[in-house]
Amino acid sequence: MTLRAVKGMNDILPDEIGRWHALETVLRRTFELAGYREIRTPVLEPTELFVRSIGEATEIVEKQMFILKREEESLALRPEGTAGVARAYVASALHNREPVSRLYYLGPMFRAERPQRGRYRQFWQAGVEIYGDPGPGCDAELIDMLVRMLTGLGLQNLRVLVNSLGGADTRARYRDALAAYLRPKAAELSEHARRRLEDNPLRILDSKNPQDQAAVAGAPSILELLTPEDRAHFDGVTRGLTALGTPFEVSPGLVRGLDYYTRTLFEIQTSGAEIGSQNALLGGGRYDAMVKELGGPDVPAIGFALGLERVLLALPAVAPAREARCFVAPLGERAQVEALLVVRELREAGIPAEADTRGGSLKSLLRRADGTGSRLCVVLGDDEIERGAVTLKDLVARAQVEVPRAELVLRAREALASAPPAGSSDA
RNA sequence: GUGGCUGUAGCUCAGUGGUAGAGCGCCGGACUGUGGCUCCGGCUGUCGCGGGUUCGAUCCCCGUCAGUCACCCCA
């Protein structure tokens, strides 16, 4: 029996890694331009951390964590990034070093859900956390940055949903009001929603079941119950977004499955067949009470997390481009040895290079050169060696010149510096 | 976690109760030192895995695993 990867956990093969690198580069660049600095925290944390921050009654904590027992300890693979960063923020007393901390992270998260397109048991998230800024200006700035980043990546059909949950007391009042509204309609609800009625009625709001949607249609909106302070905060967010020209929809039905959110809540979705029903590309919001609950100072915070796999699914596939690399094709035994010297010389000059060591006809060597996606090929046979020269081929332009051996690095560099001709991407 | 569908070559898929095929890809040749086109030839499969029915199973039945769709959940 051959060994397989764990269910819902995927290998990322070299053919796909270019897209990952490209996305990661955009993420890091976007965050760093906006003043965020990277933080890396452990993949394994005390289970208690997630219970306390995400919430005991959430689906994630109840059913989806991978838990390791080791002696007396209970450890969990992180199901999301915010809790660990908050723990690190408190533990290292970052609030004493700077009034506002802008942090970002990028790494794998783990949830034991049933795998589906866009939903895996190990998946990658990137996110930021801002500590010490109560908003609402920074809320609007964050959402605007994200919309611009996704648009810049080439994503279309984005929906930006914004809501406010108010503070903990508002949330409790709304929970009661919603339950009171729905209880007489219990018979119209789906079985699942009926169970939710008492433990987490907010979740019924974003049910995809048509019965539930109908029942919820006339329900009170949480926005009506906001305190004047919460209301002013939310108005500040929407005013900021409007001023920035960021499109958004106020969506009172937007709720999230993590208990720590307060006030601002947002989600960016995309439509399109590629992504399937897991259409939330990123989500986030404010969690002003969490730092204090974890034993830190009373510092407000906001953050978001983006699913890398989902963004990659939503992004149009791009044909791989020819890379600025050089393939060395030796013909015959003398050339074999010479080829090794040539690649060493090219590499030392900073030009990625590989030599064929398997031999064969020039035809098959050139096919291999194509196969590597290289832009350049050096052909090296007895003829060239006699003349102290090499043949330098541009695989894209399909042109070649014989150059003195001593000038190879110089000429290769020139060839790579020139823009590849149009149509070069179809490797 | 619940329900449905699917699982055959590296990829996309066809197929039959008598142990398999196509296209693409890959390799070679036509072209003895010139690649993407054309033509010709060739290789590759525990028919997802385990059990059952049968003289015989890739095909029928059961189970299981994986993927996928919807729900659920969420990024």
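Chain letters run A, B, ... following the sequence lines, proteins first, then strands; residues in each count from 1.
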Has the side chain of [X] got a donor or acceptor atom sitting under 3.5 Å from an opposite partner on the base of [N]?
X	N	value
A:Arg114	B:G67	no
A:Glu384	B:G33	yes
A:Arg119	B:G1	yes
A:Arg117	B:C69	no

> Using Watson-Crick and G-U wobble pairs whose two distances are both under 3.5 Å, how do you write the pairing of RNA chain B as dot-bracket, with | for links to another strand?
Replying inline: (((((((..((((....[..)))).(((((.......))))).....(((((..]....))))))))))))....

>> Taking the nucleotide of RNA chain B with the nearest heavy atom to each, does A:Leu331 or A:Glu267 sit closer to the 5' end?
In response: A:Leu331

> Want to settle it: does A:Arg121 or A:Arg111 sit nearer the 5' end of RNA chain B, counting the closest nucleotide to each?
Replying inline: A:Arg121

> With sequence neighbours left out, what residues match A:Arg367 under side chain to side chain contact (heavy atoms under 4.5 Å, CB included)?
Replying inline: A:Lys363

Report yes if a side-chain nitrogen or oxygen of [X] is closer than 4.0 Å to either non-bridging phosphate oxygen (OP1 or OP2) of [N]; otherwise report no.
X	N	answer
A:Ser364	B:G28	yes
A:Arg367	B:C26	no
A:Lys363	B:U34	no
A:Thr391	B:G33	no
A:Gln116	B:A70	yes
A:Arg375	B:G35	no

List, one per line, each side-chain donor-acceptor pair under 3.5 Å for residues 328-339 of chain A, sequence neighbours excluded.
from	atom 1	to	atom 2	distance (Å)
A:Arg334	NH1	A:Glu386	OE2	3.2
A:Glu338	OE2	A:Arg405	NE	2.8
A:Glu338	OE2	A:Arg405	NH2	3.4

> What do you reckon, are the aromatic ring centroids of A:Tyr104 and A:Tyr36 less than 6.0 Å apart?
Replying inline: no

> Listed by chain and number, what are the salt bridge (Lys or Arg N to Asp or Glu O under 4.0 Å) partners of A:Arg263, not counting sequence neighbours?
Replying inline: A:Asp230

Once you apply a heavy-atom cut-off of 4.0 Å, does [X] come out as touching a base, just sugar-phosphate, or nothing?
X	value
A:Gly8	sugar-phosphate
A:Asp382	base
A:Ser207	sugar-phosphate
A:Asp383	base
A:Gly118	base

> For the residue pair A:Phe304 and A:Phe31, does the interplanar ring angle fall in the parallel (under 30°), tilted (30 to 60°) or perpendicular (over 60°) class?
Replying inline: perpendicular

Please report, to 0.1 Å, the donor-acceptor pairs under 3.5 Å made by any side chain of residues 211-223 of chain A, with sequence neighbours excluded.
from	atom 1	to	atom 2	distance (Å)
A:Gln211	NE2	A:Glu188	O	3.2
A:Asp212	OD1	A:Ser190	N	2.8
A:Asp212	OD1	A:Ser190	OG	3.3
A:Asp212	OD2	A:Ser190	OG	2.8
A:Asp212	OD2	A:Ser207	OG	2.8
A:Gln213	NE2	A:Ser207	O	3.4
A:Ser221	OG	A:Leu223	N	3.0

>> With a 4.0 Å cut-off on N to O distance, would you call A:Arg183 and A:Glu198 a salt bridge?
In response: yes

Show me, pair by pair, the donor-acceptor contacts under 3.5 angstrom made by side chains of residues 49-58 of chain A, not counting sequence neighbours?
from	atom 1	to	atom 2	distance (Å)
A:Arg52	NH2	A:Glu293	O	3.0
A:Ser53	OG	A:Leu49	O	2.8
A:Thr58	OG1	A:Gly55	O	2.7
A:Thr58	OG1	A:Val61	N	3.4

> What nucleotide, of B:U34, B:C73, B:C72, holds the atom closest to the side chain of A:Leu366?
Replying inline: B:U34

